Amino acid sequence: MALVFDPAPTPSVAIAGQDARFPVRRVFCVGRNYAEHAREMGNDPDKEPPFFFTKPADAVVDGGATIPYPPLTRDLHFEAELVVAIGTGGSEIPVASALDHVWGYAAGNDLTRRDLQAQAKQTRRPWDWSKAFDRSAVIGPIHPVSETGHPGSGAIRCEVNGILRQDADLSDMIWPVADIVAFLSRSVEIRPGDLILTGTPAGVGALSAGDTCTVSIAGLNPASVTIGAT
């Protein structure tokens with residue numbers, strides 16, 4: 001098959017302790033999966049079916065990168081998240097076997113143009129411009145399940161310039177990983193290379209040019225990003 005120009009390189013994420021990289025197919029994100037974060041954003045934390053938004057695969061940035069402050073915003077926010085890397089695809093996956101589809105886990109940062117998100121909510125428009133912009137998914141090295149197991153608890157924290165801003169436990173998630181994978185697979189066929197960001201705890205806040213933001217999760221390598229000039 002002839003192509004009119006060369007395709008873009010396949011986005012990928014580092015793997016802890018390996019030279020090989022994890023190819024990224026799609027990036028799904030879960031909204032409002034920690035009750036205290038739902039409250040701080042003015043929402044009811046009562047348990048309801050999880051909802052998802054997406055980021056393009058080429059929004060992925062390795063931890064340790066320096067990225068420009070994004071355009072069209074004056075309110076760039078950090079969101080510390082556990083990232084699930086899918087290694088086995090499927091549809092209509094039962095909760096009991098959902099974890100069998102997970103290849104590994106990473107720390108991540110769902111960067112958000114919060115002012116654009118607020119405008120989208122007010123006008124009842126999609127969130128795409130607030131979530132799916134360039135370099136908006138900072139992902140640390142993925143740790144294979146064979147080395148870490150499935151983390152159902154453990155600290156999830158975010159520091160900005162060394163100051164602790166988010167501090168919670170993975171067990172605080174309203175919907176744990178198995179439920180998220182199973183629910184997502186009822187809507188779309190998940191496939192190897194998909195990433196799922198599982199939601200952020202309370203304490204989200206703004207980043208400015210010059211800030212370094214580090215997400216750390218117990219048992220995983222951190223995901224850091226430095227915000228450069230526009």
Side-chain angles (χ1 to χ4, degrees), residues 13 16 27-48 50-53 55 61-67 69 75-85 102 104-115 117-118 130-131 136-143 147-180 195-227:
V13 178
V27 181
F28 299 97
C29 306
V30 182
R32 303 173 194 164
N33 199 27
Y34 289 77
E36 289 305 315
H37 175 59
R39 292 189 183 99
E40 76 176 346
M41 300 305 291
N43 299 296
D44 187 342
D46 287 346
K47 193 166 184 175
E48 59 182 354
F51 72 92
F52 298 83
F53 55 92
K55 294 177 182 275
V61 177
D62 276 340
T66 297
I67 65 173
Y69 194 95
D75 197 18
L76 175 68
H77 276 212
F78 56 83
E79 295 192 2
E81 310 215 3
L82 175 69
V83 181
V84 177
V102 177
Y105 296 92
N109 194 338
D110 167 22
L111 296 178
T112 302
R113 297 193 282 200
R114 191 70 73 198
D115 44 1
Q117 185 185 41
S130 67
K131 290 287 192 178
S136 60
V138 182
I139 311 294
I142 298 175
H143 292 251
E147 298 177 4
T148 64
H150 297 284
S153 61
I156 174 170
R157 298 189 174 102
C158 182
E159 295 183 353
V160 179
N161 302 327
I163 299 172
L164 185 64
R165 302 293 299 276
Q166 290 181 281
D167 187 8
D169 195 280
L170 296 176
S171 62
D172 296 333
M173 284 195 290
I174 297 170
W175 294 93
V177 171
D179 295 76
I180 291 169
L195 299 179
I196 307 172
L197 280 69
T198 56
T200 194
V204 298
L207 294 169
S208 301
D211 286 345
T212 296
C213 182
T214 302
V215 175
S216 58
I217 296 176
L220 304 176
N221 283 10
S224 294
V225 65
T226 298
I227 308 300

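Model, not experiment: these values are computed from the prediction.
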Shortest non-hydrogen separation from [X] to [Y] and the atoms involved:
| X | Y | answer |
| --- | --- | --- |
| Val138 | Asp62 | CG1-O, 4.4 Å |
| Asp169 | Ala155 | OD2-N, 3.9 Å |
| Leu111 | Phe78 | CD2-CA, 4.3 Å |
| Ala223 | Ile139 | CB-C, 4.2 Å |
| Val13 | Gly140 | CG1-O, 3.6 Å |
| Ala206 | Asp75 | CB-OD1, 3.7 Å |

**Report entry** Close side-chain approach of Lys55 to Asp110, heavy-atom, < 4.5 Å
**Finding:** yes

Report task. Kindly write out the residues that satisfy side chain to side chain contact (heavy atoms under 4.5 Å, CB included) with Ala65, not counting sequence neighbours, or none if the list is empty. Result -> Val61, Ile67

Report task. With Thr200 as reference, evaluate His77, Arg32, Gln166 under the side chain to side chain donor-acceptor pair (under 3.5 Å) test and give the passing residue. Result -> Gln166

Spacing of [atom1] belonging to [X] relative to [atom2] belonging to [Y], to within rounding of 0.5 Å:
| X | Y | atom1 | atom2 | answer |
| --- | --- | --- | --- | --- |
| Ile217 | Cys158 | CD1 | SG | 10.5 Å |
| Leu207 | Thr226 | CG | OG1 | 10.0 Å |
| Asp211 | Leu76 | CG | CG | 9.5 Å |
| Thr198 | Asp179 | OG1 | CG | 12.0 Å |
| Cys29 | Glu79 | SG | CD | 9.0 Å |
| Leu197 | Phe28 | CG | CZ | 11.5 Å |

Query - Single hit among Leu170, Ile196, Val30, Val84 for side-chain contact (heavy atoms from CB on, under 4.5 Å) with Val177 - result: Val84

So does [Y] get a backbone contact from the side chain of [X], meaning a donor-acceptor N/O pair under 3.5 Å?
| X | Y | value |
| --- | --- | --- |
| Thr214 | Thr212 | no |
| Glu81 | Asn109 | no |
| Ser216 | Pro222 | no |

Query - Gln117 and Thr112: side chain donor to acceptor below 3.5 Å - result: no

